[in-house]
Amino acid sequence: MLSVLARPTGAALRRSFSTSAQNNAKVAVLGASGGIGQPLSLLLKNSPLVSRLTLYDIAHTPGVAADLSHIETRATVKGYLGPEQLPDCLKGCDLVVIPAGVPRKPGMTRDDLFNTNATIVATLTAACAQHCPEAMICIIANPVNSTIPITSEVFKKHGVYNPNKIFGVTTLDVVRANAFVAELKGLDPARVNVPVIGGHAGKTIIPLISQCTPKVDFPQDQLTTLTGRIQEAGTEVVKAKAGAGSATLSMAYAGARFVFSLVDAINGKEGVVECSFVKSQETDCPYFSTPLLLGKKGIEKNLGIGKISPFEEKMIAEAIPELKASIKKGEEFVKNMK
């Protein structure tokens with residue numbers, strides 16, 4: 001019997017599905033022309049779960065849409081360009097993914113992106129609140145620790161807030177943890193599942209190696225190094241790309257994995273679990289990432305933190321002040337918006 005946290009064999013991207021009436025998800029990608037947006041849109045177009053893909057950006061979307069529309073899969077693709085076309089892009093959507101925003105350059109923290117990306121996310125989520133208030137909202141735009149509180153406050157302003165439908169996509173932290181653990185232990189990464197809790201920046205990223213399936217053991221020094229690598233993996237890519245961007249391909253994969261899990265759950269599949277940064281009562285932080293049981297209406301049940309090691313407990317305690325500050329910064333931004 002698979003435990004509820006065990007990931008199905010093989011990643012969601014490699015599953016084959018029968019085409020049924022349920023596999024009719026209408027998905028919008030906002031920021032579809034960017035470094036994450038393009039490969040993410042490709043992965044979504046490749047899935048039989050998606051019947052309609054609407055792509056929005058402030059440049060190049062007609063070209064990206066034309067290119068993707070030639071792929072021999074069933075999803076219809078249409079590009080929308082500029083703010084006046086955004087409402088049409090969103091109408092009737094079941095799910096909206098937002099990778100829009102500026103990427104990190106070497107030497108930047110995710111928080112350095114705040115001013116630019118906060119404005120972008122507030123603008124785009126306001127349009128979602130108006131034109132697809134019932135849709136699931138998946139935020140990739142950094143800093144996620146602040147852009148999720150921004151999204152929530154914007155939805156509250158429009159009177160359509162539902163905390164079970166707003167997700168900060170932290171899946172890349174899980175994907176990285178799975179890949180790095182598998183590499184160190186010589187395991188098949190598709191069979192490894194490491195829950196990652198907390199937030200989505202530096203020391204707020206808390207991999208629960210003690211809860212890994214299959215069970216793995218590391219000496220403390222190796223565990224400390226591995227944890228640090230998972231927390232700073234984004235910076236590893238930013239440095240390696242030497243000014244040419246940040247993690248885009250792995251982020252697109254992780255974003256697609258989360259979307260497919262959510263669509264599976266909407267379609268009635270049982271036992272779908274993903275970690276995500278959401279409104280939470282699990283700690284004294286108003287938002288926190290933990291494993292979530294997903295269902296037809298979004299979050300069905302927050303599975304919480306579970307049993308953890310003293311090392312992991314210490315990481316949570318150290319992360320909370322930074323998380324609270326990032327959350328407050330997001331909330332204040334919306335309060336002070338004109």
Side-chain angles (χ1 to χ4, degrees), residues 2-7 11 104 106-107 109-111 142-145 168-240 246-247 250-251 253-254 257 273-278 280 282-285 287-292 302-327:
L2 276 176
S3 83
V4 77
L5 285 179
R7 193 152 110 246
R104 283 200 290 162
T109 65
R110 287 181 181 89
D111 204 46
N142 272 315
V144 167
N145 294 354
V169 181
T170 60
T171 319
L172 183 50
D173 299 323
V174 176
V175 165
R176 284 167 167 157
N178 292 346
F180 300 167
V181 167
E183 188 184 356
L184 288 170
K185 292 292 185 189
L187 298 165
D188 172 1
R191 292 177 182 275
V192 175
N193 185 35
V194 179
V196 182
I197 65 165
H200 183 61
K203 69 178 184 193
T204 70
I205 297 167
I206 303 159
L208 302 181
I209 309 287
S210 73
Q211 291 183 16
C212 178
T213 51
K215 192 166 172 17
V216 291
D217 284 305
F218 294 100
Q220 187 56 51
D221 60 336
Q222 200 179 9
L223 184 61
T224 304
T225 306
L226 169 62
T227 299
R229 188 181 176 207
I230 295 163
Q231 291 174 331
E232 293 305 323
T235 306
E236 190 180 304
V237 176
V238 169
K239 281 181 181 164
S246 57
S250 52
M251 185 61 247
Y253 167 88
R257 173 181 148 171
V273 175
E274 291 283 358
C275 294
S276 180
F277 188 67
V278 296
S280 172
E282 298 305 311
T283 65
D284 60 350
C285 263
Y287 297 84
F288 203 82
S289 179
T290 44
L292 309 169
N302 193 319
L303 299 176
I305 294 168
K307 189 170 176 288
I308 56 171
S309 71
F311 175 64
E312 292 158 353
E313 266 175 37
K314 184 167 177 276
M315 284 196 286
I316 293 173
E318 287 171 0
I320 282 178
E322 184 185 323
L323 259 179
K324 282 183 172 170
S326 299
I327 291 164

Legend entry - Leu226 CG to Ile209 CD1 distance, which is reported to the nearest 0.5 Å: 4.5 Å
Inset, instruction - Find out whether Thr224 and Phe311 are in side-chain contact, i.e. whether some heavy atom of one side chain is under 4.5 Å from a heavy atom of the other. - result: yes
Inset, instruction - For residues Ser246 and Val237, determine if any side-chain heavy atom of one lies less than 4.5 Å from a side-chain heavy atom of the other. - result: no
Inset, instruction - Could you walk me through whether Ile316 and Ile206 pass the side chain to side chain contact (heavy atoms under 4.5 Å, CB included) test, one step at a time? - result: CA-CA 7 Å; Ile316 293 173; Ile206 303 159; 3.8 Å; yes
Legend entry - Separation between NZ of Lys314 and CD1 of Ile308, rounded to the nearest 0.5 Å: 13.0 Å
Inset, instruction - Please tell me if the side chains of Leu292 and Leu303 come closer than 4.5 Å, counting only heavy atoms from C-beta onward. - result: no
Inset, instruction - Taking Asn145 for its side chain and Ser326 for its backbone only, find out whether a donor-acceptor pair lies under 3.5 Å. - result: no
Legend entry - Val181 and Cys212, any side-chain heavy atoms less than 4.5 Å apart: yes
Legend entry - Closest non-hydrogen atom pair between Leu323 and Gly198, with its separation: CD1-C, 4.0 Å
Legend entry - salt bridge (Lys or Arg N to Asp or Glu O under 4.0 Å) partners of residues 193-206, not counting sequence neighbours, each pair once: none
Inset, instruction - Please report the shortest heavy-atom distance between Pro207 and Val194, naming the atom on each side. - result: CB-CG1, 4.3 Å
Inset, instruction - Would you check if Asp188 and Val192 make a side-chain contact, meaning some heavy-atom pair closer than 4.5 Å? - result: no
Legend entry - Side-chain donor or acceptor of Glu312 paired with backbone N/O of Ser309 under 3.5 Å: yes
Inset, instruction - Taking all heavy atoms of Ser280 and all of Asn302, pick out the closest pair and write down the distance. - result: OG-ND2, 4.0 Å
Legend entry - Val216 and Leu187: CA distance, side-chain angles, deciding distance, side chain to side chain contact (heavy atoms under 4.5 Å, CB included) verdict: CA-CA 10 Å; Val216 291; Leu187 298 165; 4.1 Å; yes
Inset, instruction - Please list, chain by chain and in numerical order, all residues satisfying side-chain contact (heavy atoms from CB on, under 4.5 Å) with Thr225, sequence neighbours excluded. - result: none
Inset, instruction - Mark yes or no for whether Thr170, through its side chain, and Asp173, through its backbone, hold a donor-acceptor pair below 3.5 Å. - result: no
Inset, instruction - Check for a donor-acceptor pair, side chain of Ser276 on one end and backbone N or O of Gly168 on the other, with a separation under 3.5 Å. - result: yes
Inset, instruction - Look at atom NZ of Lys185 and say whether more than 12 heavy atoms of other residues, nucleotides or ligands are closer to it than 6.0 Å. - result: yes
Legend entry - Rounded distance [0.5 Å steps], CD1 in Ile205 versus CZ in Phe277: 11.5 Å
Inset, instruction - Measure the spacing between CD1 of Ile197 and CD of Glu282 and express it to the nearest 0.5 Å. - result: 9.5 Å
Legend entry - Minimum heavy-atom distance between Gln211 and Gly306, given as atom pair plus value: NE2-C, 3.8 Å
Inset, instruction - Indicate whether the side chain of Thr227 and that of Gln231 have a donor and an acceptor atom separated by less than 3.5 Å. - result: no
Legend entry - Worked check of salt bridge (Lys or Arg N to Asp or Glu O under 4.0 Å) between Glu236 and Arg176: CA-CA 12 Å; Glu236 190 180 304; Arg176 284 167 167 157; over 6 Å; no
Inset, instruction - Scan side-chain atoms only and decide if Glu274 and Thr171 contain a donor-acceptor pair under the 3.5 Å cut-off. - result: no
Legend entry - From OG1 (Thr204) to CD (Glu322), nearest 0.5 Å: 5.5 Å
Inset, instruction - Identify the two heavy atoms, one from Leu208 and one from Ile305, that lie closest to each other, and give their separation to 0.1 Å. - result: CD1-O, 3.8 Å
Legend entry - Separation of His200 NE2 from Asn142 CG (nearest 0.5 Å): 4.5 Å
Legend entry - Non-hydrogen atoms of Pro195 and Cys275 that approach each other most closely: CA-SG, 4.0 Å
